[in-house]
Amino acid sequence: MSARKRLIAGAALFMSAALIAGAIWICADMQRQLDDATPEPSPVTMTKPYPDGFPMVDWEYWESINPDIIGWVTIPETSIDLPIVQGPAEDPDYYLSHDIYKNPNANGCPYLDAECAEMGLLSRNCVIFAHHSSNGAMFSDLAKYSDLEFANEHPRILLQTPDWRATLMPRMVDVVNASNEPKQIIFEDDAEFDSWWQGKRSGATLDIDSVETPARAYSFVTCSYNTWKNERTIVYASKRGWTVWPEANPPEVSEAVG
């Protein structure tokens, strides 16, 4: 090979190496940016359960990640073990397309309906949404509650906030066409709430245990894919047990948590 050809070949080799090194640096930099945008979960979250099965959530950590976080929901022996955020009034469906870190994400994250903002998870009807994802994430397992065997095998929904934790019991399940299903969160009085609950019970797909009207309802909502294009599965639950932290205000909370 002539000296000129050797020089050209060497230059080409050098350029290839430089391009590869540059690509590696760009990928590494992109990964660093991604790592900065999506911090690792706190090591004390979900690793040290309380005796009653609730995960020990590092609230200080998660609230530093996203101040919209208001609670945590866990359904034992399912993939549902997730933070809940408050849906913002200015963009109620924001968390359908953004994750807990506020990054665009088709999986979204569980969120409390924006109309519940005043009372939060002590609203008369707490409506909590999350996607049914093809990869089994978010509230995918919730859609299985329309099956009585699954409902009987998963009788507890664990809900907690920085101030209290509550064991919820699924009371009934409904599979609905969301286009024809009105949502009600605010009620004038107990009679209106009782009428609403009993109406839901009379038309429910599955009545698990809804003989008595509870003091408040927790309505967990996700997509399902059986009959309608705009189908939703709604699990209506109410509290079965309640624990208030010592630092909370017991009189105020106890009047509202029945």
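Just so you know, these numbers use all the heavy atoms, side chains as well, and skip hydrogens, waters and symmetry mates. Predicted model only: the values in this text are computed from it and were never measured.
Listed for the Arg201 side chain is no donor-acceptor partner under 3.5 Å among the backbone atoms of Asp207. At least one donor-acceptor pair under 3.5 Å links the side chain of Thr161 to the backbone N or O of Trp164.
With Ile234 as the partner, the side-chain contact (heavy atoms from CB on, under 4.5 Å) test is satisfied by one option alone out of Val221, Thr205, Val175, Val127: Val221.
Below 30°, between 30° and 60°, or above 60°: for Phe193 and Phe187 the angle between ring planes is above 60°, a perpendicular geometry.
Salt-bridge check for Lys200 with Glu181: passed, with a basic side-chain N closer than 4.0 Å to an acidic carboxylate O. Asp147 has no carboxylate O lying under 4.0 Å from a charged side-chain N of Lys144, or vice versa, which leaves the two without a salt bridge.
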Show me the donor-acceptor pairs within less than 3.5 Å that the side chains of residues 150-159 make with the rest of the protein, sequence neighbours left out.
from: Asn152; atom 1: ND2; to: Leu148; atom 2: O; distance (Å): 3.4
from: His154; atom 1: ND1; to: Phe150; atom 2: O; distance (Å): 2.9
from: Arg156; atom 1: NH1; to: Asp52; atom 2: O; distance (Å): 3.2

Practice problem: Could you walk me through whether Asp190 and Arg124 pass salt bridge (Lys or Arg N to Asp or Glu O under 4.0 Å), step by step? | Solution: CA-CA 10 Å; Asp190 291 346; Arg124 199 68 193 266; 3.1 Å; yes
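Across Ala114 and Pro88, no two heavy atoms sit closer than the pair CB-O, 3.9 Å. In this structure, Tyr111 and Pro92 approach most closely via the heavy-atom pair CE1-O, 3.4 Å. In terms of heavy-atom proximity, Pro110 sits nearest to Leu82 at CG-CD1, 3.8 Å. The two residues Asp113 and Gln86 make their nearest non-hydrogen contact at O-NE2, 3.1 Å.
Taking CH2 of Trp62 as the reference point, atom CH2 of Trp72 lies at 5.0 Å (rounded to 0.5 Å). Atom OH of Tyr95 sits about 6.5 Å away from atom CD1 of Ile100, to the nearest 0.5 Å. In this structure, SG on Cys116 lies 8.0 Å from CD1 on Ile186, to the nearest 0.5 angstrom.
In this model, no donor atom of one side chain and acceptor atom of the other lie less than 3.5 Å apart for Tyr94 and Asp68. Between the side chains of Asn125 and Tyr236, not a single donor N or O lies within less than 3.5 Å of an accepting N or O.
Checked against salt bridge (charged side-chain N to carboxylate O under 4.0 Å, His left out), Asp174 has no partners two or more places apart in sequence or in another chain.
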